[in-house]
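So the structure is just underneath, and the comments pick up after that.
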Amino acid sequence: MTTIDADALRPGLSGLKPDQLTAWVEARGEPAYRARQVADAIWKDGGLTSAVAIRTLPAALREALDAGFRFDTVSDTDVREADGGLTEKFLHRLDDGALIESVLMHYPARGSGRERHTLCISSQAGCAVGCPFCATGELGFGRDLEVAEIVDQVRFSARRLAADGRRLTNIVFMGMGEPLLNLDRVLDTIQALNDPRRFGLGARHITVSTSGVVPGIRRLTALGPQFTLAVSLHAARDSLRDVLVPLNRRWPVAEVVDAARDHTRATGRRISYEATMIGGINDTPEDAEAMAELLRGDHAHVNLIPMNPVAHTPWAASPMPVIERFAATLRAAGVSTTIRRNRGQEVGAACGQLAAERAGEPAPPVVARRRARLVAESAAALHGERSHEPVPVGVGD
Ligand code: SAH
Ligand code: SF4
């Protein structure tokens, strides 16, 4: 682990709220309109990466900005392309050496639909929830990201797009980490992304995905409609969900779906549920029936996504005909369902995969033990046995 140097301790500039920026400018004896000029330099077309480039500012203020703040917290970025350039995967090295990812997906215009550019961002380095099919879950928890570290992932892609006169159209919190376990920072980030004086993206174009942190969902409901909420369901039966989403041992599936229903009732916004389809594990006819029963009559939408292969698991994606049958069962119960193709598989676009590769392969005996444990746990779960494993550390306290 790299030690944090003095530079890294300077706050990220893009994490400042407008009133904080104004107060900082005024404390230096400069008029408030200078704050607007700085804000333009941060936000316009993804913004600049150094205060030196802001020609409109007096030199002393430029120097004070560079001395007081980091202009870009994700400057050290490795870029990989997939799908013939339709997917771009970014591995950002943060100032303390932590690695996080963002993924930019381009969707060309089709029919009357305009072209879209969707960015998937990370909210934490690693994740405490530990879903076994997820590469980030394998890494374990590193730390929460600062607001600037989340925002700067967005600025990085916005800058790339602006070079060709394009703009981000959608942002999804589906990268590394559990956004509802870093909720204060995620909410501040969304405010920045939403604010017309900052990034200016409509709330409907922002989606936050959660593995089912019930108190977080309830807090969002109390705030009113903010953005689209997606819930990673994966299984409707507690025994299986205990294994696939270990925080289910803290907040069982019925509580998660209750919280989601209340959210829809209070905000009028449809919830979308995600299910990663894992061959022979959560794709059986019984699981399809259980999910159909659970969601019957709800104002909800289900996305079925074939699992991306991840090292250290004995599992693979469900075959497409099995996913189609699963979808048919849900639709027969009136639950609207879409099958999604996973983008960018060849560069490891599944949640956290590139950073996991960089972290290095565990020793073969460790992998073998993990696989054996998963086989045993999922076999017990398929027989309806609840997990005896503890709730993951850092979840639900
Ligand atoms: N922690 C949040 C958001 C980040 S994960 C959550 O779990 O919802 C974003 C999505 O990627 C989740 O729906 C997760 O289930 C999915 N995902 C993780 N690993 C995957 C894999 N190997 N294949 C397909 N989807 C995966
Ligand atoms: Fe964490 Fe989401 Fe991955 Fe589960 S799927 S380990 S909650 S990032």
Side-chain angles (χ1 to χ4, degrees), residues 82-83 87 105 129-138 174 209 211-212 230-246 248 253-254 256-257 260 271-298 300-346 348-353 370-387:
D83 299 329
T87 301
M105 290 159 284
V129 179
C131 307
F133 56 86
C134 166
T136 305
E138 286 289 340
M174 292 190 182
S209 175
S211 54
V231 173
S232 296
L233 194 59
H234 306 310
R237 297 187 294 140
D238 278 319
S239 53
L240 187 54
R241 201 167 184 274
D242 281 350
V243 176
L244 297 182
V245 191
N248 192 72
V253 70
V256 175
V257 172
I271 294 275
S272 58
Y273 289 102
E274 313 282 322
T276 296
M277 301 305 288
I278 312 172
I281 299 294
N282 63 350
D283 60 356
T284 64
E286 296 74 39
D287 284 297
E289 284 298 337
M291 198 174 286
E293 277 319 304
L294 183 69
L295 301 180
R296 191 187 288 276
D298 280 7
H301 184 86
V302 176
N303 289 312
L304 302 177
I305 304 155
M307 178 189 158
N308 254 338
V310 176
H312 338 313
T313 81
W315 299 333
S318 311
M320 202 38 90
V322 172
I323 302 182
E324 277 159 7
R325 266 203 305 280
F326 199 100
T329 305
L330 290 175
R331 289 183 188 128
V335 180
S336 84
T337 304
T338 310
I339 300 172
R340 304 226 178 257
R341 197 176 67 86
N342 234 335
R343 267 290 186 94
Q345 224 172 55
E346 69 203 72
C351 180
Q353 224 149 289
R370 251 182 234 173
R371 287 178 167 226
R373 182 171 53 83
L374 282 179
V375 170
E377 280 185 357
S378 51
L382 290 172
H383 287 104
E385 245 177 73
R386 292 291 306 259
S387 168

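Along the sequence shown, the residues carry numbers beginning at 1.
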Tell me whether [X] contacts the main-chain N or O of [Y] through its side chain, where contact means a donor paired with an acceptor under 3.5 Å.
X	Y	value
R340	L304	no
D283	I323	no
T136	C134	no

Please report the interatomic distance [atom1]([X]) to [atom2]([Y]), rounded to the nearest 0.5 Å.
X	Y	atom1	atom2	result
L244	S239	CG	OG	9.5 Å
R341	M320	CZ	CE	9.5 Å
T338	L330	OG1	CG	10.5 Å
E324	R331	CD	CZ	8.5 Å

## Note on the structure
side-chain hydrogen bond (donor to acceptor under 3.5 Å, both in side chains) filter on S336, not counting sequence neighbours, yields H301
Heavy-atom side-chain proximity of [X] to [Y] below 4.5 angstrom:
X	Y	answer
R241	V256	yes
F326	I339	no
H234	F133	yes
D238	N248	yes
L295	L233	yes
P285	T329	no
I278	T313	no

### Task
State whether E286 and R237 are salt-bridged, where the test is any N-O pair (Lys NZ or Arg NE/NH1/NH2 against Asp/Glu carboxylate O) under 4.0 Å.
no
### Task
Go through the steps for V245 and V129 under the test side chain to side chain contact (heavy atoms under 4.5 Å, CB included), then give the verdict.
CA-CA 7 Å; V245 191; V129 179; 4.3 Å; yes
### Query
Which pair of heavy atoms, one from V253 and one from A236, lies closest together, and at what distance?
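Heavy-atom minimum between the residues: CG1-O, 3.3 Å.
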## Note on the structure
Looking only at heavy atoms, the pair that brings M174 and S209 closest together is CG-CB, 3.6 Å
#### Entry: From V310, N282, I281, residue fulfilling side-chain contact (heavy atoms from CB on, under 4.5 Å) relative to W315
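Answer to the side-chain contact (heavy atoms from CB on, under 4.5 Å) test with W315 among V310, N282, I281: I281.
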### All side chain to side chain contact (heavy atoms under 4.5 Å, CB included) counterparts of E385, not counting sequence neighbours
A380, H388
